[in-house]
Structure formats: structure tokens, C-alpha cells
Amino acid sequence: MIRIFLTFFVLLGATSLANAGRVTLEVATEKGVAVTATHKWVKALQSAGFDDVRLRSGHGGDATDLVDKGSGNYHIIALLTPGDVLITPGGRFKMNDVAGMRSWLEKVRAGGKKELERQESVFGLTSQEFVALYEKLSPTVGAKTKDTTPFDTLQTINQRLDVEFRATPSVVARMKQGKVLDELENVSCGTAVAALLRPLGLAMVPRRETGGDVELHLVDSAAAKKPWPVGWTPDGNPGQVAPGMFQYLEVEIADIPVQQAAEAIAARVKLPLLWDHNGAAAKRIDIATAKVKHPARRTFYKKLLDTILFQAKLNLEIKVDEAGHAFLWVSPLGK
């Protein structure tokens with residue numbers, strides 16, 4: 001059964017935060033802090049969501065601290081400077097930055113020091129989270145996909161993965177329309193999902209709510225600042241990841257559609273071929289009708305593909321999927 005959760009953009013962490021313990025705040029005011037400012041600070045801190053706020057005069061040697069009292073309860077020691085800046089473990093806030101304080105407090109409630117010390121890399125994930133997700137998306141699809149609905153293909157993919165997808169009803173409706181345009185059987189699941197969503201104007205975006213697990217949100221492309229890509233640039237040179245592309249052959253091509261020619265070549269070298277259908281449509285390139293040719297001569301497969309694709313104003317890239325397997329990505333020139 002498919003595990004695409006319908007979501008209506010409700011904060012996923014709301015339930016867990018409602019059941020969290022208490023976070024109390026003790027603020028040591030440094031010498032020079034205006035007495036008239038302390039009352040305003042208490043109101044700001046209370047509106048930020050702390051369960052209890054206490055201000056006291058600072059002492060030499062005061063330092064910020066976060067004390068884990070167990071069962072989701074935390075006690076925070078913060079410093080208030082004469083410059084009207086609140087210094088907390090891992091944070092600095094002005095009085096009007098209530099939103100920033102709330103975000104900081106949300107992290108404390110979700111996991112204390114561990115959550116505050118998260119070092120995010122790509123997609124808002126830590127390096128460890130990204131590597132774990134990358135590996136989870138590495139299994140191959142393992143079933144025929146071309147001309148199925150994107151929703152049906154995603155059902156097949158979903159059964160192979162230990163990660164949750166989330167989508168709104170309108171996104172699910174779009175996935176039930178149209179057809180998957182490429183054969184993704186031998187492509188890893190992460191690259192396959194990115195590829196099948198792209199022609200629908202959709203994208204896959206990894207997200208992790210504070211204190212939660214990494215989930216894959218299927219969203220409109222316009223709302224995806226950093227979508228999961230259709231494949232990755234290989235670490236080695238193309239000859240290492242796709243040696244068959246550099247084998248020689250005698251060939252002649254006489255005025256046949258570029259799609260037909262390219263897919264026949266891809267079948268010969270036994271590599272999946274994925275098209276940037278969106279890009280081709282934007283450039284008004286009809287891959288099913290644009291004719292290409294090649295004179296009878298000896299060449300190698302990559303040069304052959306480069307030559308015929310150039311005639312149709314297309315470009316070839318050798319990419320790898322999450323399993324490290326090579327595939328061919330064709331997109332318009334000049335992108």
C-alpha cells in the first residue's frame with residue numbers, strides 16, 4: 001500500500017511540541033543594563049513561549065548554559081548585555097526578534113543541545129542525514145515505468161523505500177494524470193522520482209521538521225528552492241563510469257527522429273536514457289520529429305550521440321544515480 005501522506009501544510013511538529021516538557025529561563029543581567037528594559041524583555045520572552053522567565057542581577061563568571069533536567073524539561077541560563085542583546089547557548093537575539101527566539105526555543109524543546117548543535121549542509125540536512133537519505137534512495141525501481149501514470153510508478157517505488165512521501169491532494173491529482181515519459185526500470189529510486197515529477201511541473205524536496213525525521217515532500221516546482229536533482233555529476237571521468245560510450249563502431253544514420261536514434265544507441269550501450277522534456281518543450285524542440293543524420297564512418301558512441309543531438313540543439317551529459325550507475329541525460333543546448 002502506498003505511503004504518500006496527504007498534508008495540508010499543518011506544522012508537523014505541533015503535536016510533539018504540545019506534549020513537550022517545560023523550558024524555564026534564567027536571565028543574568030550584566031552591569032549597565034537599563035532597569036526600564038527588563039520589564040519589556042520579560043514580556044518579549046514570555047511571548048516567545050518560555051514556560052517561566054526570571055531575571056536577576058549578573059555575577060562575574062556567569063555563563064550561558066542549557067541544563068537537561070530529564071523528561072523533556074530544560075533550564076536555560078542566558079545573559080542580557082548592556083547592548084540590549086540576549087545571549088543564549090547557540091543564539092543571540094534582540095528584543096524585537098521574537099520569531100527567532102521562538103525558533104530557537106522550538107529546537108530546545110525538540111532535543112536540547114543536540115538539536116541546537118546540528119550542522120546543516122545540503123537540503124537543510126546534516127551530512128549524516130543527507131548520506132543516509134542518499135543511500136535509502138539508491139535501490140533501482142525494478143519495474144517497467146514508461147507509459148504508466150506517475151502515481152502508479154510512485155507506488156512501485158514507495159514499496160522499495162524506507163522513507164515517507166508527503167503530498168497535498170492537488171499534487172496527488174496531478175500525479176494521477178499523464179504518463180511517465182521515460183523508461184526508469186534500471187534507474188535508482190531517487191533519480192527516478194525526480195525524473196517522473198519534472199514533466200508534471202513537480203519536484204521532490206527533502207525536509208526535516210525540528211526534532212523529526214527526514215521526509216520527502218512532493219511539491220510544485222515553483223515552490224522548490226532546492227529540489228532533488230535528476231542524477232549527479234560523477235566523481236570520475238565519463239570513461240570510468242560509462243566505458244561502453246567510448247567503444248568504436250561503423251555507423252550511418254539517415255534522416256530519422258532524434259528520439260528514435262538516441263534511444264537505439266542507448267540500448268546498444270545498455271544505459272538508461274532520460275530526456276529533459278520540460279527543457280525541450282520550452283525550446284520548442286520536438287524530439288519525436290526532429291530529424292538527424294550521420295555519414296557512414298567509424299566513430300565511438302559518445303561522439304555519435306554528441307553529433308546527432310547537436311543537430312537537434314540538444315546536449316548530452318553522462319550522469320550517475322544514487323546507486324552510482326551511469327545514465328544518459330539529454331537537455332537543450334545553452335541551459
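Everything numeric here is computed off the predicted structure, so don't read it as measured data. Heavy-atom basis, side chains included; hydrogens, waters and symmetry copies ignored.
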**Study point:** Derivation and outcome, side-chain hydrogen bond (donor to acceptor under 3.5 Å, both in side chains), residues Glu322 and Ser138
**Key:** CA-CA 5 Å; Glu322 290 77 19; Ser138 65; over 6 Å; no
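- A search for salt bridge (charged side-chain N to carboxylate O under 4.0 Å, His left out) contacts involving Asp84 returns nothing, not counting sequence neighbours.
- Residues satisfying the salt bridge (charged side-chain N to carboxylate O under 4.0 Å, His left out) criterion with Glu183, sequence neighbours excluded, are absent altogether.
- Around the CD atom of Glu250, the shell of radius 6.0 Å holds more than 12 heavy atoms that belong to other residues, nucleotides or ligands.
- Listed by chain and number, the residues in a side-chain hydrogen bond (donor to acceptor under 3.5 Å, both in side chains) with Thr36 amount to none (sequence neighbours excluded).
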Got a list of side-chain donor-acceptor pairs under 3.5 Å for residues 295-307, not counting sequence neighbours?
| unit_1 | atom_1 | unit_2 | atom_2 | d |
| --- | --- | --- | --- | --- |
| Tyr301 | OH | Arg268 | NH2 | 3.1 |
| Lys302 | NZ | Asp306 | OD2 | 2.8 |
| Thr307 | OG1 | Lys303 | O | 2.8 |

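- Within the 3.5 Å criterion, the main-chain N or O of Asn237 finds a donor-acceptor partner in the side chain of Gln240.
- Contacts of Tyr134 classified as ring pair (Phe, Tyr, Trp, His ring centres under 6.0 Å), with partners at least two apart in sequence or in another chain: Phe130, Trp232.
- A donor and an acceptor atom, one from each side chain of Asp68 and His75, are nowhere located under 3.5 Å apart.
- With sequence neighbours excluded, no residue satisfies side-chain hydrogen bond (donor to acceptor under 3.5 Å, both in side chains) with Glu135.
- Stacking of Lys176 on the aromatic ring of Phe151 is recorded, both the 6.0 Å distance cut-off and the 45° axial limit being met.
- Counted within 6.0 Å of CG on Asp235, heavy atoms from surrounding residues, nucleotides or ligands total 12 or fewer; the atom is thus considered open.
- Side-chain N/O atoms of Thr148 and Thr153 include a donor and acceptor closer than 3.5 Å.
- For the ring pair (Phe, Tyr, Trp, His ring centres under 6.0 Å) test, no residue two or more places apart in sequence or in another chain qualifies with Phe310.
- Ion pairing of Arg166 with Glu215 is present here, as a side-chain N (NZ or NE/NH1/NH2) and a carboxylate O approach within less than 4.0 Å.
- Linking Ile, Leu, Val, Met, Phe, Trp and Tyr residues whenever their side-chain heavy atoms come within less than 4.5 Å places Leu309 and Ile256 in a single cluster.
- More than 12 heavy atoms of other shown residues, nucleotides or ligands fall within 6.0 angstrom of atom NE2 in His59.
- At most 12 non-hydrogen atoms from other residues, nucleotides or ligands lie less than 6.0 angstrom from NZ of Lys107.
- In this structure, a donor-acceptor pair under 3.5 Å is absent between the side chains of Trp41 and Gln46.
- When each of Leu86, Thr88, Ile87 is paired with Val27, the side-chain contact (heavy atoms from CB on, under 4.5 Å) condition holds for Leu86 and for no other.
- Counting only residues at least two apart or in different chains, salt bridge (Lys or Arg N to Asp or Glu O under 4.0 Å) contacts with residues 37-63 comprise Glu26-Arg54, Glu26-Arg56, Asp51-Arg109, Arg56-Asp62.
- Qualifying salt bridge (charged side-chain N to carboxylate O under 4.0 Å, His left out) partners for Lys144, counting only residues two or more places apart in sequence or in other chains: Glu185.
- Using a 4.5 Å cut-off on side-chain heavy atoms (C-beta onward), Met204 and Arg198 make no contact.
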Considering only distance and modelled atom types, tabulate donor-acceptor pairs under 3.5 Å from the side chains of residues 89-103, sequence neighbours left out.
| unit_1 | atom_1 | unit_2 | atom_2 | d |
| --- | --- | --- | --- | --- |
| Lys94 | NZ | Gly83 | O | 3.1 |
| Asp97 | OD1 | Gly100 | N | 2.9 |
| Arg102 | NE | Ser47 | O | 3.2 |
| Arg102 | NH2 | Ser47 | O | 3.0 |

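- Residues Trp104 and Ile77 do not share a hydrophobic cluster, defined by chaining ILVMFWY side chains whose heavy atoms lie under 4.5 Å apart.
- Legend: salt bridge (Lys or Arg N to Asp or Glu O under 4.0 Å) pairs involving residues 220-230, not counting sequence neighbours, sorted by first then second residue: Arg174-Asp220.
- Take Thr156 and apply the side-chain hydrogen bond (donor to acceptor under 3.5 Å, both in side chains) test, not counting sequence neighbours, and it matches no residue.
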